[in-house]
**Q** 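The structure is given below, and queries will be raised subsequently.
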Amino acid sequence: MSELFTVLREAQRIALEKHGVPNILQPGIIKELMMAEILGHELIPQKDASDAKDWAGRTYEYLASIRRVIATNKGCSFQMDRITASNMYRITRNEAFYFGVFKNHLEVEEIWRVEVSTVLSEVERQFEKCKNDLAHVNFLLRWLEENGSRVFP
């Protein structure tokens with residue numbers, strides 16, 4: 001195991017020096033780093049901020065999912081957690097959303113772009129059906145294919 005930990009420490013050093021990422025074990029951060037590199041964006045590693053920004057300072061939110069290939073539950077499901085009526089700014093502060101479809105934990109298969117107005121409409125639709133003040137919003141692969149545009153590959 002010591003070889004594994006040596007490699008992880010080196011990866012953490014590189015992530016901090018090159019990308020400002022203080023914790024490579026933060027959930028989703030590696031997938032976000034991979035998407036940002038492909039899209040030419042700069043990762044924003046703070047948890048309470050958008051996920052990335054472009055050269056002009058426009059911000060983007062990233063959602064990622066691994067494509068399931070089992071017969072009973074194929075496809076992907078992307079989730080935004082802890083949505084409330086008072087934190088919809090988490091959606092509207094962005095220029096667009098990017099959805100990363102992964103082959104496995106470390107290989108990007110596709111990236112799709114969806115406009116903020118489209119994401120907001122779906123979040124509001126699901127939020128209205130929710131019986132709680134707090135919602136976890138899901139975006140399925142079919143919704144993504146119907147509402148987004150593939151930008152990678």
Side-chain angles (χ1 to χ4, degrees), residues 8-68 74-130 132-153:
L8 283 172
R9 284 197 240 0
E10 178 64 8
Q12 177 60 71
R13 184 191 66 73
I14 293 167
L16 185 59
E17 282 181 15
K18 307 267 188 211
H19 304 285
V21 175
N23 178 10
I24 61 169
L25 301 179
Q26 175 182 318
I29 199 77
I30 298 297
K31 288 178 179 65
E32 292 170 3
L33 265 171
M34 294 170 69
M35 291 173 65
E37 185 171 298
I38 289 168
L39 295 168
H41 294 161
E42 179 184 339
L43 185 75
I44 303 171
Q46 291 81 22
K47 287 186 68 73
D48 60 344
S50 296
D51 293 323
K53 63 183 176 181
D54 64 15
W55 60 271
R58 294 177 294 238
T59 60
Y60 302 94
E61 191 70 24
Y62 293 169
L63 298 174
S65 179
I66 296 173
R67 185 185 297 273
R68 296 179 306 269
K74 289 184 179 180
C76 297
S77 177
F78 303 86
Q79 188 174 70
M80 286 188 70
D81 295 332
R82 300 174 304 280
I83 297 293
T84 66
S86 65
N87 71 7
M88 293 286 184
Y89 70 88
R90 290 175 48 204
I91 298 161
T92 58
R93 68 184 172 192
N94 298 293
E95 178 74 15
F97 276 64
Y98 286 96
F99 292 75
V101 178
F102 283 71
K103 293 179 192 176
N104 55 48
H105 292 285
L106 294 173
E107 290 183 83
V108 180
E109 185 177 331
E110 300 174 341
I111 299 177
W112 294 72
R113 178 184 168 116
V114 181
E115 299 308 316
V116 167
S117 60
T118 305
V119 172
L120 185 59
S121 293
E122 180 61 13
V123 168
E124 288 172 340
R125 185 190 72 77
Q126 290 188 37
F127 195 72
E128 286 174 10
K129 295 170 110 181
C130 185
N132 302 318
D133 293 335
L134 178 70
H136 300 298
V137 179
N138 289 298
F139 303 91
L140 299 178
L141 184 58
R142 174 182 231 148
W143 177 88
L144 179 59
E145 292 170 344
E146 291 171 357
N147 292 282
S149 54
R150 191 170 70 177
V151 297
F152 174 84

**Q** Which residues pass the side-chain hydrogen bond (donor to acceptor under 3.5 Å, both in side chains) test with E124, not counting sequence neighbours?
**A**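 side-chain hydrogen bond (donor to acceptor under 3.5 Å, both in side chains) list for E124, sorted by chain: empty.
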
**Q** If you measure from CZ on F102 to CD1 on I111, what distance do you get to the nearest 0.5 Å?
**A**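 Result: 7.0 Å between the selected atoms.
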
**Q** If the condition is side-chain hydrogen bond (donor to acceptor under 3.5 Å, both in side chains), which residues does R90 pass it with, not counting sequence neighbours?
**A**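 Result, side-chain hydrogen bond (donor to acceptor under 3.5 Å, both in side chains) vs R90: none returned.
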
**Q** Going by side-chain hydrogen bond (donor to acceptor under 3.5 Å, both in side chains), name the residues that satisfy it together with E122, two or more places apart in sequence or in a different chain.
**A**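 Partners of E122 under the side-chain hydrogen bond (donor to acceptor under 3.5 Å, both in side chains) test: R125, Q126.
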
**Q** Would you say the side-chain atoms of Q12 pair up with the backbone N or O of I24, donor to acceptor, closer than 3.5 Å?
**A**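 Yes; at least one donor-acceptor contact below 3.5 Å.
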
**Q** Any side-chain hydrogen bond (donor to acceptor under 3.5 Å, both in side chains) involving residues 38-47? Give me the pairs, sequence neighbours left out, ordered by first then second residue.
**A**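 Listed by first then second residue: H41-Y62.
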
**Q** Identify, with sequence neighbours excluded, every residue that meets side chain to side chain contact (heavy atoms under 4.5 Å, CB included) alongside E128.
**A**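 None.
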
**Q** When you compare the side chain of E10 with that of I14, does any pair of heavy atoms fall below 4.5 Å?
**A**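 Yes. Closest side-chain heavy atoms under 4.5 Å.
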
**Q** Quick check for you: to the nearest 0.5 Å, what is the distance between T59 atom OG1 and D54 atom CG?
**A**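 Those atoms lie 8.5 Å apart.
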
**Q** What residues form a side-chain hydrogen bond (donor to acceptor under 3.5 Å, both in side chains) with D48, not counting sequence neighbours?
**A**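 Testing D48 for side-chain hydrogen bond (donor to acceptor under 3.5 Å, both in side chains), a comparison that skips the adjacent residues, returns none.
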
**Q** What side-chain hydrogen bond (donor to acceptor under 3.5 Å, both in side chains) pairs are there with at least one residue in residues 15-26, not counting sequence neighbours?
**A**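 Qualifying pairs: R13-E17.
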
**Q** Can you confirm whether I66 sits close enough to H105 that some side-chain heavy atom of one is under 4.5 Å from a side-chain heavy atom of the other?
**A**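 I66 vs H105: side chains touch.
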
**Q** Closer than 3.5 angstrom, by distance alone: can the side chain of S65 be matched with the main-chain N or O of S77 as a donor-acceptor pair?
**A**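 Side chain of S65 to backbone of S77, a donor-acceptor pair under 3.5 Å: yes, one is there.
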
**Q** Less than 4.0 Å between a side-chain N and a carboxylate O, is that true for E95 and R93?
**A**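 So R93 does not pair with E95 through a salt bridge.
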
**Q** Measuring from atom CH2 of W112 to atom CG of L63, what distance do you get when rounded to the nearest 0.5 angstrom?
**A**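 The CH2 atom of W112 sits 15.0 Å away from the CG atom of L63.
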
**Q** Could you work out, with side chain to side chain contact (heavy atoms under 4.5 Å, CB included) as the rule, every residue matching A85, not counting sequence neighbours?
**A**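 Per chain and number, A85 pairs via side chain to side chain contact (heavy atoms under 4.5 Å, CB included) with F127.
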
**Q** Are F97 and V116 close enough that some pair of their side-chain heavy atoms sits under 4.5 Å apart?
**A**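 In contact.
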
**Q** Verify side chain to side chain contact (heavy atoms under 4.5 Å, CB included) between H136 and M80, making sure each step is shown before the conclusion.
**A** CA-CA 6 Å; H136 300 298; M80 286 188 70; over 6 Å; no

**Q** To the nearest 0.5 Å, how far apart are CG in N138 and CG in D81?
**A**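 Taking CG in N138 and CG in D81, the distance rounds to 8.5 Å.
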
**Q** Would you list the pairs meeting salt bridge (Lys or Arg N to Asp or Glu O under 4.0 Å) in which at least one residue belongs to residues 19-36, sequence neighbours left out?
**A**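 Found none.
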
**Q** Do I29 and L43 come close enough that some side-chain heavy atom pair is under 4.5 Å?
**A**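 I29 reaches L43 side chain to side chain.
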
**Q** Holding to side chain to side chain contact (heavy atoms under 4.5 Å, CB included), I want the full list of residues that pass it with S86, two or more places apart in sequence or in another chain.
**A**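 By the side chain to side chain contact (heavy atoms under 4.5 Å, CB included) rule, S86 matches T84.
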
**Q** Please set out all donor-acceptor pairs under 3.5 angstrom arising from side-chain atoms of residues 140-153, sequence neighbours excluded.
**A**
unit_1: N147; atom_1: ND2; unit_2: W143; atom_2: O; d: 2.8
unit_1: R150; atom_1: NH1; unit_2: E110; atom_2: OE2; d: 3.3

**Q** For residues V123 and F139, determine if any side-chain heavy atom of one lies less than 4.5 Å from a side-chain heavy atom of the other.
**A**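 Side-chain contact under 4.5 Å: yes.
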
**Q** Sequence neighbours left out, what passes side chain to side chain contact (heavy atoms under 4.5 Å, CB included) with S121? Give chain and number order.
**A**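 So S121 forms no side chain to side chain contact (heavy atoms under 4.5 Å, CB included) with any residue.
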
**Q** Heavy atoms only: give me the nearest A49-E61 pair and the separation to one decimal.
**A**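 Scanning both residues, the minimum pair turns out to be O-OE1, 4.4 Å.
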
